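The figures that follow rest on heavy atoms only: side chains count, while hydrogens, waters and symmetry mates do not. The chain is numbered in sequence order, starting from 1. On a predicted model such as this, the values are computed, not experimentally measured, just so you know.
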Amino acid sequence: TQEVPSGHNPEDYVTRRVFAEAHDGEKVPVTLLYRKDTKLDGSAPCLLYGYGAYGITIPAGFNTNCLSLADRGFVYAIAHIRGGKDKGFSWYEDGKMEKKVNTFKDFISAADHLVRQGFTAYDRIIAEGGSAGGMLMGAVANMAPEKFAGIIAAVPFVDVLNTMLDDTLPLTPPEWPEWGNPITDAEAFATIRAYSPYDNVTAQDYPALFALAATVTVVRVQDDLEGRATAALRRAGAVGVTVSFRGQDARVECGVPVADPRALAALVAAEHGVRSVRLADTCGGPRTVPTDVDASSAVDAPATSGTTP
């Protein structure tokens with residue numbers, strides 16, 4: 001039993017399982033949590049989470065982390081996409097190797113279904129995923145940027161092709177059964193090249209992007225992948241925010257100056273428990289903000305301007 005210190009009344013919330021039709025007719029499970037008084041007329045913001053790799057099943061159990069969003073009017077959604085074992089082993093096999101693109105298309109189909117059913121709208125959806133789920137974020141940003149208002153990519157594995165081509169990296173050979181070996185297999189090379197987020201950045205309007213950089217504790221993701229991907233996005237005219245860490249300090253870089261840099265720094269400090277947050281001059285800085293600022297001011301902070309919808 002989990003205790004919610006601020007109090008919790010289960011009767012205030014609704015949990016549902018809906019099924020989104022994928023591009024090939026498969027039914028993708030989507031778990032939903034929202035308050036009973038949330039209007040389902042397309043006006044609610046939505047956080048749509050996905051992973052879809054290594055056969056990992058995303059549980060739909062009770063999680064106190066979701067309640068704050070639900071209490072603020074969000075629809076919290078988990079897309080149980082292919083690449084996991086949410087619907088059995090075949091669900092995993094249909095989302096790996098040459099079938100990896102199913103993972104990304106399933107996630108987009110989940111977003112489409114939520115919009116069609118009135119749970120949210122495209123300009124109200126924030127997508128979130130980390131590590132291999134961060135690859136998912138990069139892929140859907142390239143494939144369907146108009147369907148997301150923002151994307152949170154935590155330690156994203158976005159330079160898939162170059163990583164799988166470098167067999168001197170200790171974790172590359174063990175990863176070949178998941179993605180394919182582009183060194184010896186021309187079809188695997190073409191498949192990965194077609195979806196690898198870093199290799200498919202184009203000059204288009206991207207959603208707002210919040211990328212959390214890897215640290216030495218994330219052993220599957222090189223600590224420079226996010227920097228290379230963010231640089232590619234900026235060269236293509238995209239707007240983004242990159243957060244990197246050194247000890248108890250965080251550094252934030254922005255694609256364009258933000259309307260309220262202090263609120264952004266407060267949000268980063270609150271989310272990651274760091275001692276201080278330094279904003280690069282690209283955010284309207286430079287300035288260093290201690291963690292004793294009011295993070296609540298960041299909740300309704302104005303969005304960044306530029307090409308971001």
Any ion pair linking K99 and D24 (charged N to carboxylate O, less than 4.0 Å)? no

Under a 4.0 Å threshold between the charged nitrogen and the carboxylate oxygen, would E21 count as salt-bridged to K27? yes

Do [X] and [Y] have side-chain heavy atoms sitting under 4.5 Å apart?
X: L69; Y: Y76; value: yes
X: K147; Y: D112; value: yes
X: N142; Y: Y195; value: no

Heavy-atom donor-acceptor pair, [X] side chain to [Y] backbone, under 3.5 Å:
X: S131; Y: V155; answer: no
X: N200; Y: S196; answer: yes
X: W176; Y: M164; answer: yes
X: D41; Y: T120; answer: no

With sequence neighbours excluded, what pairs up with F19 under the ring-ring contact (aromatic ring centres under 6.0 Å, His included) test?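 With neighbours one apart ignored, the set is empty.
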
F119 vs Y34 aromatic rings, parallel, tilted or perpendicular, using cut-offs 30° and 60°? tilted

Spatial distance of atom OH (Y49) from atom CD1 (I78) [nearest 0.5 Å]: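 Nearest 0.5 Å value for the OH-CD1 distance: 8.0 Å.
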
Inter-residue atom distance E128.CD - I151.CD1, 0.5 Å rounding: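 The distance works out to 11.5 Å.
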
Any chance you could lay out the side-chain hydrogen bond (donor to acceptor under 3.5 Å, both in side chains) test for T31 and H80, step after step, and finish with the verdict? CA-CA 8 Å; T31 300; H80 303 278; 2.7 Å; yes

Of all residues at least two apart in sequence or in a different chain, which pass the salt bridge (Lys or Arg N to Asp or Glu O under 4.0 Å) check with D71?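 Salt bridge (Lys or Arg N to Asp or Glu O under 4.0 Å) list for D71, sorted by chain: R35.
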
